[in-house]
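Quick one: the structure is below, and I'll ask about it shortly.
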2 protein chains.
Amino acid sequence: MTNVSAGTLRRRPAQRRSVERVERMLDECARLLDEVGYDGLTTKEVARRAGVPIGTFYQFFPDKQGLVRALALRNLDAFLDRLTARLGSAEITDWTDAVDLAVDEFVAMKRTIPGFAIVDFGEILPSPGAPPLKGTNRLLDAALENNVIVADRLRALTIDLLGAPRGPGLDRALIVAVEAADAVLKLAFRAHPDGDPDLITECKKLVRRYLADHLPER
Amino acid sequence: MTNVSAGTLRRRPAQRRSVERVERMLDECARLLDEVGYDGLTTKEVARRAGVPIGTFYQFFPDKQGLVRALALRNLDAFLDRLTARLGSAEITDWTDAVDLAVDEFVAMKRTIPGFAIVDFGEILPSPGAPPLKGTNRLLDAALENNVIVADRLRALTIDLLGAPRGPGLDRALIVAVEAADAVLKLAFRAHPDGDPDLITECKKLVRRYLADHLPER
DNA sequence: CCGGCATATGAGTAGACCTCATGTTAAGCG
DNA sequence: CGCTTAACATGAGGTCTACTCATATGCCGG
């Protein structure tokens, strides 16, 4: 299971007080993202609101990107956990239902979880042990990187719950599907604060049509 | 036809020398993007390489984003012009061929045009007269905004050349298709410097499958 | 009570974006 | 041609942000 401290923190908080401080900083980061966006977010303000000196901020987070990455991973975990639970419990007879469920759950969290609407999966996140890859924009690289994590866990779900045929074809298809869905959902939330319903529908259609080649026929 | 000076420049260069200066700044911007990426690009360095004082830079470009936006629009124009030419001249009997052609042309330009590989359509570009929309990341907003422009021109092409049924359904479908394709192609170029061939194939499949509902059956 | 080690702190550094007062050139006009 | 006026060009410097590091503070075994 992914974890906030996996490659994003400079030092793992040991004492109870430190853990709470890191948690508070992440919470304030989420709220600030909703208020002023990534560009407007400053590490100083995050620290101030969390009641933490700036030096302590940098004890735990390597930089601004690391902070947002940590938040995104926390949100990502929450999303995948909830999705796993719902896929396991509900009566999913059809993989197309699973697609709808995943999209709906994602949309629901975008609406309700602070910081999720803006950051969601990727947007930020430089890869943890990434090659220095000059000539790139870290924001977008990160988005891609993160969707690979989602695809990984979705693959596990897909194989376990739906009995899909394992293999590189499926892996690639899932990554492509997540990437495409992510892009369309971003568009949906750009068009409408709660996500344009038509675009959400189109997102489901897009994914279902594409996956029809890679998954057993209902 | 879109134009670099459409909403991206602070003042349109009138004299011949000024036009050349703006052109040189855009060229250097492209080269620098390939070398150091968006995060590493500085307005100072662009100006220095173009042999232009920093003050003059800001006479023409409102800010760093404006510079990159102008470059992206220039590239976008080039892409759409070439696509229009190829769609008009070639023997396109089938809209699925048109999809392949568009993707191939895009990939070809990503490989060869400086600054295209990194910036391509969007990535940067805040909308020209955009609402101030707090709480967002300007980079990603811009990418979306720009793909709408692409979709607009693709729609014109689609209707004129392929006789597709006009309407909001098609508009939305094209925007979704461009958004999704853009995302998958970014992934393809992240995975491989010249674009992972498998992912490029998947991109075509994704778009074709999705559009099958919206365009007349070959 | 105390030495030594881990942790906490915030003034300070480096550097980026962008401005604006000043200098320079061109244009309009009698 | 000289004068007035406006447009354009310039780069030192203001402001702000990410991030550091020397110092202060607390913690703990002896």
Side-chain angles (χ1 to χ4, degrees), chain A residues 5 8-26 28-29 32-33 35-71 124-126 132 134 137-139 142, chain B residues 5 8-26 28-29 32-33 35-71 124-126 132 134 137-139 142:
Chain A
S5 65
T8 71
L9 295 186
R10 191 172 260 185
R11 201 155 36 86
R12 177 193 282 268
Q15 325 278 27
R16 177 198 197 98
R17 197 167 83 107
S18 303
V19 175
E20 282 169 6
R21 269 144 89 107
V22 167
E23 215 65 30
R24 270 212 310 281
M25 284 190 269
L26 288 175
E28 293 305 328
C29 173
L32 270 171
L33 280 170
E35 286 176 31
V36 299
Y38 180 79
D39 293 336
L41 180 126
T42 67
T43 56
K44 207 172 176 179
E45 181 64 9
V46 169
R48 197 193 62 77
R49 288 212 200 180
V52 161
I54 187 65
T56 298
F57 173 96
Y58 282 99
Q59 290 275 332
F60 294 102
F61 297 104
D63 52 23
K64 179 176 166 178
Q65 304 252 347
L67 167 71
V68 182
R69 174 176 170 77
L71 175 65
I124 304 306
L125 325 190
K134 67 173 183 176
N137 175 301
R138 287 156 77 201
L139 288 192
Chain B
S5 64
T8 69
L9 295 185
R10 191 173 261 187
R11 199 155 37 87
R12 176 194 283 268
Q15 327 277 26
R16 178 199 195 96
R17 198 167 83 106
S18 302
V19 175
E20 283 169 4
R21 270 145 90 103
V22 167
E23 216 65 30
R24 271 212 309 281
M25 284 191 271
L26 288 175
E28 294 305 328
C29 173
L32 270 171
L33 280 171
E35 286 176 30
V36 300
Y38 180 78
D39 293 336
L41 180 125
T42 68
T43 56
K44 208 172 176 178
E45 181 64 10
V46 170
R48 198 192 62 75
R49 288 212 199 180
V52 161
I54 187 66
T56 297
F57 173 95
Y58 282 100
Q59 289 273 335
F60 293 103
F61 297 104
D63 52 23
K64 179 176 166 178
Q65 305 252 346
L67 168 71
V68 181
R69 174 179 170 77
L71 175 65
I124 304 306
L125 323 193
K134 66 173 185 175
N137 175 300
R138 287 155 79 200
L139 287 192

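Residue numbering restarts at 1 for every chain, and letters A, B, ... go by the order of the sequence lines.
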* To do: Please state how far atom CG in B/Asp63 lies from atom C1' in D/dT15, giving the value in whole angstrom units.
  => 16 Å

* Touch check for A/Leu41, heavy atoms < 4.0 angstrom, all strands: base, sugar-phosphate only, or nothing? -> sugar-phosphate

* Structure fact -> Ordered by number, residues from residues 47-57 of chain A within less than 4.0 Å of DNA chain C (heavy atoms) are A/Pro53, A/Ile54, A/Gly55, A/Thr56

* To do: Starting at atom CZ of A/Phe61, determine the distance to atom C1' of D/dC19, rounded to an integer number of angstrom.
  => 15 Å

* Asked: Separation of B/Lys44 atom NZ from C/dA14 atom P, in whole Å?
  -> 14 Å

* In whole angstroms, how far is the P atom of D/dA18 from the CD atom of A/Gln59? -> 18 Å

* Structure fact -> Closest to the side chain of A/Arg21, out of D/dC19, C/dA8, D/dA9, is C/dA8

* Ignoring backbone atoms, establish whether A/Lys64 has a side-chain N or O less than 4.0 Å from OP1 or OP2 of D/dA18. => yes

* Gap separating the CG atom of A/Leu32 from the CZ atom of A/Arg49, nearest 0.5 angstrom -> 4.0 Å

* From CD (B/Gln65) to CG (B/Asp63), nearest 0.5 Å -> 6.0 Å

* Tell me: CZ of B/Phe60 to C1' of C/dT19, nearest whole Å? -> 17 Å

* Return the nearest nucleotide to the side chain of B/Thr43; candidates are D/dC19, D/dA9, C/dC17. => C/dC17

* Residue that, paired with B/Val46, satisfies side-chain contact (heavy atoms from CB on, under 4.5 Å) out of B/Leu67, B/Val68, B/Ile54, B/Leu33 -> B/Leu67

* Structure fact -> Heavy-atom nearest pair, B/Lys64 first then B/Tyr38, reads NZ-O, 3.2 Å

* **Distance-minimising heavy-atom pair for B/Leu26 and B/Ala70** => CD2-CB, 3.9 Å

* So, for A/Phe57 and A/Ala47, which heavy atoms are closest and what is the spacing to 0.1 Å? -> CB-CB, 4.4 Å

* Is B/Glu28 salt-bridged to B/Arg24, going by a charged N under 4.0 Å from an acidic O? -> no

* Check whether any side-chain N or O of A/Tyr58 sits under 4.0 Å from OP1 or OP2 of D/dC19, and answer yes or no. => yes

* **Atom-pair distance (CD on A/Glu20; P on C/dA8), nearest Å** => 13 Å

* Asked: Once you round it to whole Å, what is the distance between P of D/dT17 and CD of A/Glu45?
  -> 10 Å

